[in-house]
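Please read the structure below before turning to the comments.
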Amino acid sequence: MHKSIKNNNKKRGRFAPSPTGALHLGNARTFLLTWLSIKIQSGELILRIEDLDHPKVKPGTIKEAVDDLIWLGLTWNEGYGIEQKQLNPPYIQSQRTDIYAKHLSNLIEKKLVYPCTCSRKEIEATQSAPHAGESPKYPGTCKNKFQSWEEAYNALPDSRIPIWRFKSSNESISFVDGFMGEQSFNNSELFGDFAIARHQQGAGYMLAVVVDDALMNISEVVRGSDLLDSTPRQLEIYKALQLHPPEFIHVPLVVAPDGRRLAKRHGDTRISTLRKIGNSPEKIIGLLAYWCGWAEFGEEMPANELLKRFSWNTLNPENVILTNEIKKYLNIQD
Ligand code: GLU
Ligand code: ZN
């Protein structure tokens, strides 16, 4: 009761980096927008570490992300690294598995999830046309197949464990994105029943992000448009758990000249590297601002300066391209 009164009027946003890789220019731009939107509303920003993707988590990456954010001047006031303000601890997802387990049990009781033993290969074999990159649509093979997780587990060789799938609805899920406007998706047609957890206890991106954003009272989620189509899946989970969803604001990405996602082969765009090779935070923020449409190319400024220029209405709606000219400007080697 107290908490909801206290947080009623304040906007709450979050930085949610995954320590599977260092922050690069694309992450930095999304975080700058997250920060600006909350700052101009005098809201609160939380740092939460999304480290559930175990085999891919790299040591030292959390500290590096924290250092990068501070170096860029993108500050937060609750959560990881802020000892004096811990309203919903812990802020590291791998330490929150008991919380996810509780919510997963709720979904199991409601018969909204089931264990699935299919490998990606098995699912791909059921498709008429292969989907590039994205998970292939799940045909429902394991629906009504197993009575329990244990039964599914025992059906697999030792090296593999089942995942949990959520029974997606066949209705269109509509929402208004704070930047991209009206959206409508049919989860069942696009994804089939979708994976929400890769562990028996429910620790997996789709479930964890919903539970955390809800319990941490997040009111706006700013993230890359590559996550746009995960929103309708998350909205189904919010509804099933009777939790209140935040506003979603999906923003354009930084891409390579070929239009593809930034990858190692496009040069080292890690913030930590750009810093080491002599770029100042003002130079990086200035470039991010140029990409947003709020600065001339070559202008340098601290993040604070952008509070005067920020508006969702004037943000460049296109993905931005890391051109060779920009790579040269930042001294990025191929
Ligand atoms: N941790 C996710 C990522 O770094 C972001 C999740 C989200 O914003 O929902 O891609
Ligand atoms: Zn299956």
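Whatever order the structure lists ligands and atoms in, that order sets their numbers, starting from 1. As the structure is a prediction and not an experimental result, all values here were calculated from the model. FYI, side chains are in, hydrogens and waters are out, and symmetry mates aren't considered; it's all heavy atoms of this structure.
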So, Asn106 and Lys110: side-chain donor and acceptor under 3.5 Å apart, yes or no?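 Checked: Asn106/Lys110 side chains pair up, N/O donor to acceptor below 3.5 Å.
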
- Query: Is there a donor-acceptor contact under 3.5 Å linking the side chains of Arg165 and Thr141?
  - Reply: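 No, no side-chain donor-acceptor pair sits under 3.5 Å.
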
If you count every protein N, O or S atom closer than 2.8 Å to the Zn ion (ligand 2), you should arrive at 4

Partner of Arg223 under side chain to side chain donor-acceptor pair (under 3.5 Å), picked from Thr30, Thr231, Asn27, is Thr231

Exactly one of Tyr138, Tyr114, Trp164 clears side chain to side chain donor-acceptor pair (under 3.5 Å) with Asp193, and that residue is Tyr114

Please enumerate all residues that pass side chain to side chain donor-acceptor pair (under 3.5 Å) together with Lys63, with sequence neighbours excluded.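 By the side chain to side chain donor-acceptor pair (under 3.5 Å) rule, Lys63 matches Asp67.
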
Give the ring-plane orientation class for Phe248 versus Phe175, where under 30° counts as parallel, over 60° as perpendicular and anything between as tilted.
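The rings of Phe248 and Phe175 stand perpendicular, inter-plane angle above 60°.
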
Ion pair check, Arg12 and Glu78, cut-off under 4.0 Å
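Result for this pair is yes, salt bridge flagged.
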
Next item on the list: Would you list the pairs meeting side chain to side chain donor-acceptor pair (under 3.5 Å) in which at least one residue belongs to residues 274-297, sequence neighbours left out?
Entry: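 Every pair satisfying side chain to side chain donor-acceptor pair (under 3.5 Å) with a residue in residues 274-297: Asp68-Arg275, Asn279-Lys283, Trp294-Thr314.
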
Margin query: Closer than 3.5 angstrom, by distance alone: can the side chain of Lys58 be matched with the main-chain N or O of Thr20 as a donor-acceptor pair?
Written below: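 Checking the backbone N and O of Thr20 against the side chain of Lys58, a donor-acceptor pair under 3.5 Å is found.
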
Check each protein residue for a heavy atom under 4.0 Å from ligand 1 and list those that pass, ordered by chain and number.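 Residue list for ligand 1: Arg14, Ala16, Ser18, Glu50, Tyr205, Val209, Arg223, Leu227.
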
